[in-house]
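Everything below concerns the one structure shown next.
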Amino acid sequence: VTASQSDCIFCKIASGDLGVPFVHESAGTVAFLDQAPQAREHILVVPKQHIVSVDELTRENDELLGELFETARRAAVLRNMNASGYRIVTNVGPDAGQTVFHMHLHVVGGEPLGHFGK
Ligand code: 5GP
Ligand code: ZN
């Protein structure tokens, strides 16, 4: 484990060492509640492996990407967000305002969200 990874909050959460409860867990991913929810439901889905952002992905990560979306979908079902719908967002770098440099999917819903885009 490198210095940057031992300092990474999402590596620590994903390892289970901080005792943060998981909404769902798979072999290579975990889902947990965001500490500062931006919607009625706000889940974070992260790979257990330290990947900085989507910018770092290669086709080597294809299986992991499928697993991240599967975990997001299952977590949305477990939190009863699936029937009414939800949004999946991942921030990459400064213009997106990324603050935690361990890749994560935001899964938000549980209430009507403003339409994204336009
Ligand atoms: P970003 O801005 O990088 O896309 O998203 C980082 C997210 O992680 C924010 O929504 C923030 O509230 C959440 N977050 C940061 N630190 C922690 C933490 O220690 N525990 C939890 N549960 N969420 C965190
Ligand atoms: Zn990490």
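- Of all non-hydrogen atoms in L113 and G109, the two that sit nearest each other are CD1-CA, 4.3 Å.
- The backbone N or O of V30 lies less than 3.5 Å from no partner atom in the side chain of K48, so there is not a single donor-acceptor pair.
- How far CG of L65 is from CZ of R59: 9.5 Å, rounded to the nearest 0.5 Å.
- Under the side-chain contact (heavy atoms from CB on, under 4.5 Å) test applied with M81, the options R40, R87, E41 reduce to a single match, E41.
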Let's go through I43 and L33 carefully: what are the C-alpha distance in whole Å and the side-chain angles of both, what is the deciding distance for side chain to side chain contact (heavy atoms under 4.5 Å, CB included) to 0.1 Å, and is it a yes or a no? CA-CA 4 Å; I43 299 163; L33 299 183; 4.1 Å; yes
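- Linking Ile, Leu, Val, Met, Phe, Trp and Tyr whenever their side-chain heavy atoms come within less than 4.5 Å puts L57 and F69 in one cluster.
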Which is it for E70 and T29 under the side chain to side chain contact (heavy atoms under 4.5 Å, CB included) test, yes or no, and what are the steps along the way? CA-CA 10 Å; E70 174 69 2; T29 71; over 6 Å; no
Side chain to side chain contact (heavy atoms under 4.5 Å, CB included), that's the test. Do N61 and T58 meet it? Break it down for me. CA-CA 6 Å; N61 304 120; T58 71; 3.8 Å; yes
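- Clustering ILVMFWY residues whenever any of their side-chain heavy atoms sit less than 4.5 angstrom apart, transitively, puts F22 in the very cluster that holds V46.
- Distance check: T90 OG1 to L44 CG gives 10.0 Å after rounding to the nearest 0.5 Å.
- Using cut-offs of 30° and 60° on the angle between ring planes, the pair F32 and F10 is perpendicular.
- Separation of atoms CG (L68) and NE2 (H104) is listed at 12.0 Å; rounding is to 0.5 Å.
- The number of heavy atoms from other shown groups lying within 6.0 Å of CD (E60) does not exceed 12.
- Linking Ile, Leu, Val, Met, Phe, Trp and Tyr whenever their side-chain heavy atoms come within less than 4.5 Å leaves V108 and L105 in two separate clusters.
- Both V54 and V107 are members of a single hydrophobic cluster when ILVMFWY side chains are connected at heavy-atom separations under 4.5 Å.
- Side chain of Q35 to main chain of P37: no donor-acceptor pair is present (N/O by atom type, distance under 3.5 Å, no hydrogens or angles).
- Under a cut-off of 6.0 angstrom, the local environment of CG in D95 is sparse, with at most 12 non-hydrogen atoms contributed by other residues, nucleotides or ligands.
- For the pair S53 (side chain) and M103 (backbone), a donor-acceptor distance under 3.5 Å is absent.
- Heavy atoms of other residues, nucleotides or ligands lying less than 6.0 angstrom from CD of Q38 number 12 at most.
- I51 places a side-chain heavy atom less than 4.5 Å from the side chain of L64.
- A pairwise comparison of heavy atoms in A72 and I88 identifies CB-CD1, 4.0 Å as the closest pair.
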Going through the distances and angles, do L18 and I9 end up as a side chain to side chain contact (heavy atoms under 4.5 Å, CB included)? CA-CA 9 Å; L18 296 187; I9 186 68; 3.7 Å; yes
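- When each of K12, H50, H102, Q49 is paired with Q5, the side-chain contact (heavy atoms from CB on, under 4.5 Å) condition holds for H50 and for no other.
- Under the 4.5 Å side-chain criterion, counting only non-hydrogen atoms from C-beta, N91 is in contact with V89.
- Contact between H42 and A36 at its shortest, heavy atoms only, is ND1-O, 4.2 Å.
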